[in-house]
Every structure is written in structure tokens, then in C-alpha cells.
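Just follow the structure's listing: the first ligand is 1, and inside any ligand the first atom is 1.
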Amino acid sequence: MNSLSVEHLIGIRDLTKDDLDLIFKTADSFKQVINRPIKKVPSLRDITIANLFFENSTRTKLSFELAEKRLSADIINFSASGSSVKKGETLVDTVNNILSMKVDLVVMRHPSPGAASFLSKNVDAKVINAGDGTHEHPTQALLDAYSIREKLGSLKGKKIVIVGDILHSRVALSNIYCLQKLGAEVMVCGPKTLIPKNIKELNVKVSNNLKEALEWCDVANMLRIQLERQDVKYFPSLREYSMTFGLNKEILDSLSKKIVVMHPGPINRGIEITSDVADSDQSIILQQVENGVAIRMAVIYLLAAQIER
Ligand code: CP
């Protein structure tokens, strides 16, 4: 198979195992490209991409932009702050105005779950979801799974625990879909108030005990507490959260095996993870960021290949 089964990348839920294998194989080639002295290929010289960020981002925004530049696409960047969105313009009007500048592909981050899907049905361009509220963050899950594959050889049979604010996390949902499609076992761990009540419908294990979860796993993906999405208090204080669910060197060193530590960023050092763990040789946090560029090049390249030119 050398083309994706989907026309847009809205969520990992829509992808097949063959899609994931194709994205990883394509990312392998692009990873070689970005490690060469000349880190660029001319593949998308005729393609224009709009990066629309209606919500804050550092890694995802920069990573998409770099991936697009490495593929030689023309790009335009839009941030909601300082735009006419503040004057009441609708999402479709905003995007259609941008598309009238002959844009082929839109990368969008938006605070509303479903915004990327809505857009894909209402505009004449490819859409890549760069995170839609608490729903999905597909390229984050792809780069996470790719980084585990790179570190451990394969995902099949591996045990991955996702720790923290599962309730508000698009990274958790996309990771669960992605890891399971690749044959991994998934556990979620966190305070009861931050674990969705129906999570077991996704065939994941659940633990409220960090030490127990870490003893079970090969890989721990530590998530940020998303205070910006929390309308009520889900735990007494950040200090208490950190004492119960924060990963520190003492816990890491007490485990019976050496696990791999991940974090999608941005990190709240000293809350979900201490600095000595984040910067330790068990952490692959910066490899995740590096792999994000190759993964996003692969996704953009494969979707652009479907555009008639
Ligand atoms: N991991 C992630 O999505 O980070 P940003 O919010 O900085 O893009």
C-alpha cells in the first residue's frame, strides 16, 4: 500500500494499521533527509499550506512549519490572537478567506472538539488536525508511537502507561487508538477524578497507583495537568498531585526494570515530572520532538500526493 485510506487526518481513530505502517515507513525516509547536510527535498514546491492556530502551541506549530519548509511547500501562518476572529467572523468564513488565496492544505489547532472534522466537510482543501480541544491530536500520537518503535524496535506486546490528566487529554485518546492499533497494551493512571468514567470501553487497564502502574509498564508517558481546561478543582493542590502522581528519580530508580519515559510537552517541571527524570538517559522527550518533524513531513507528503496537480 502506498496511499492513505483517508482524505484528511482528523484522528487516529480513522486510520488503519496499514496507514500507520505507511506513515512510519515514509517518516523513516524523511528522518534520513533531515539528518543530511542539505535537509530539504523539492517534493511540495507546487503546494501551499496554511497553518491556522486558534489555540496556543510551541512544538506542534514549529514542527509543522519546519516539516513544510523541509518539503519546499509555500506556507502562510495564522494565529487567532490579533485576527478578525475577535470581530465575530465564523470559522468557515475565516478559512474560506484564507483558501481564496489558493491554499491546498490546512493544518489547524482549535479549542473545540470536532472543529477539524467540521472544517474538512466545509472547505475545499486537505485538513490536518493539529489538536481539537479534548478530542484528538493525531500527529502527537504518531510521533509518540514512532519514538517508542525507534527505542524498543516494535510496539507489539509492549506495555505503555499514560499518566495524569486523561479526562482533558487529546494526546491520551489519540495515543490509546494508535498504540492499540500497533499491538501495544495500554494502561491509564491518575486520580479517579481525572479518569473518564467510560474509559474501560476503550479496552485499557486503569490504575490509581503510580508505583503499581510503573512496575507494569515498559514505557511511561507523563501528561501535563491541563489547568486551562479544568472548570472545577479535580484534586486538592498541585503539590498533592505531584506527591501522588509525579514521577521522580527515587520512584524511577526503585523499579525492577529500566522503563522509557516520555512527555508530549510542554513540561511542568516539578509537577508531573522532576527535572532529573526529564533530563535523564531514560527520557526520550527530545527524540519525540525530533521525530515530530519527520512524522509531520510524512503525513503532509502522503496527503499532498492525493491532490490533483
Ligand atoms: N505537544 C504539544 O502539542 O505541544 P504544543 O502545545 O506546544 O504544540
Side-chain angles (χ1 to χ4, degrees), residues 9-13 23 27 49-70 75 77-81 106-116 127-148 150-151 160-179 188 190 194 219-230 247 260-269 271-273 277-279 283-300:
L9 179 59
I10 306 303
I12 299 289
R13 190 178 171 176
I23 292 168
I49 301 176
N51 298 311
L52 313 185
F53 280 76
F54 293 86
E55 198 186 64
N56 295 344
S57 169
T58 301
R59 275 145 294 274
T60 312
K61 192 163 181 261
L62 293 179
S63 179
F64 267 112
E65 198 173 325
L66 193 57
E68 292 152 6
K69 286 181 172 162
R70 299 281 189 242
I75 59 176
N77 292 315
F78 165 93
S79 296
S81 56
V106 174
V107 173
M108 184 174 76
R109 170 166 289 189
H110 199 282
S112 301
V127 175
I128 298 178
N129 181 8
D132 60 334
T134 53
H135 177 227
E136 281 225 39
H137 190 350
T139 56
Q140 180 68 46
L142 289 166
L143 74 89
D144 289 343
Y146 185 82
S147 302
I148 299 172
E150 187 176 67
K151 184 78 181 169
I160 322 294
V161 64
I162 306 171
V163 182
D165 184 357
I166 312 299
L167 186 65
H168 300 97
S169 176
R170 54 195 175 208
V171 175
L173 187 60
S174 289
N175 259 268
I176 291 168
Y177 289 137
C178 192
L179 296 168
V188 294
L194 288 176
V219 179
N221 195 352
M222 307 302 298
L223 302 184
R224 183 176 65 87
I225 292 292
Q226 305 203 23
L227 291 174
E228 74 276 21
R229 297 192 209 282
Q230 297 186 6
L247 180 54
V260 176
V261 178
M262 306 175 68
H263 194 304
I267 299 176
N268 288 315
R269 287 177 184 259
I271 298 178
E272 65 271 8
I273 190 168
V277 173
D279 303 332
S283 158
I284 59 165
I285 294 171
L286 292 180
Q287 287 95 312
Q288 289 173 257
V289 177
E290 182 188 343
N291 288 333
V293 178
I295 282 289
R296 290 178 173 118
M297 285 174 81
V299 168
I300 294 166

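Screening E68, R109, K61 against N51 for a side chain to side chain donor-acceptor pair (under 3.5 Å) leaves a single residue, E68.
For the pair I225 and L194, the minimum side-chain heavy-atom distance is below 4.5 Å. V107 places none of its side-chain heavy atoms less than 4.5 Å from the side chain of T139.
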Notebook entry, point to check: Hey, mind stepping through L9 and L142 against side-chain contact (heavy atoms from CB on, under 4.5 Å) and telling me if it holds?
Noted result: CA-CA 11 Å; L9 179 59; L142 289 166; 4.2 Å; yes

Dump all N/O pairs between ligand 1 and the protein below 3.5 Å as a table: atom names plus distance, one pair per row.
unit_1   : atom_1 : unit_2 : atom_2 : d
ligand 1 : 1 (N)  : Q140   : OE1    : 3.0
ligand 1 : 1 (N)  : P264   : O      : 2.9
ligand 1 : 1 (N)  : G265   : O      : 3.2
ligand 1 : 3 (O)  : T60    : OG1    : 2.9
ligand 1 : 3 (O)  : R109   : NH2    : 2.9
ligand 1 : 3 (O)  : H137   : NE2    : 2.9
ligand 1 : 4 (O)  : R59    : NE     : 3.1
ligand 1 : 6 (O)  : R109   : NH1    : 2.8
ligand 1 : 7 (O)  : T58    : N      : 2.8
ligand 1 : 7 (O)  : R59    : N      : 3.0
ligand 1 : 7 (O)  : R59    : NE     : 3.2
ligand 1 : 7 (O)  : R59    : NH2    : 2.9
ligand 1 : 8 (O)  : S57    : OG     : 2.7
ligand 1 : 8 (O)  : T60    : N      : 3.0
ligand 1 : 8 (O)  : T60    : OG1    : 2.6
ligand 1 : 8 (O)  : R109   : NH1    : 3.3
ligand 1 : 8 (O)  : R109   : NH2    : 3.4

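Side-chain contact of E150 with N291: a donor-acceptor pair under 3.5 Å is present, judged by distance alone.
A salt bridge links E65 and K69; the closest N-O separation between the charged side-chain nitrogens and carboxylate oxygens is under 4.0 Å.
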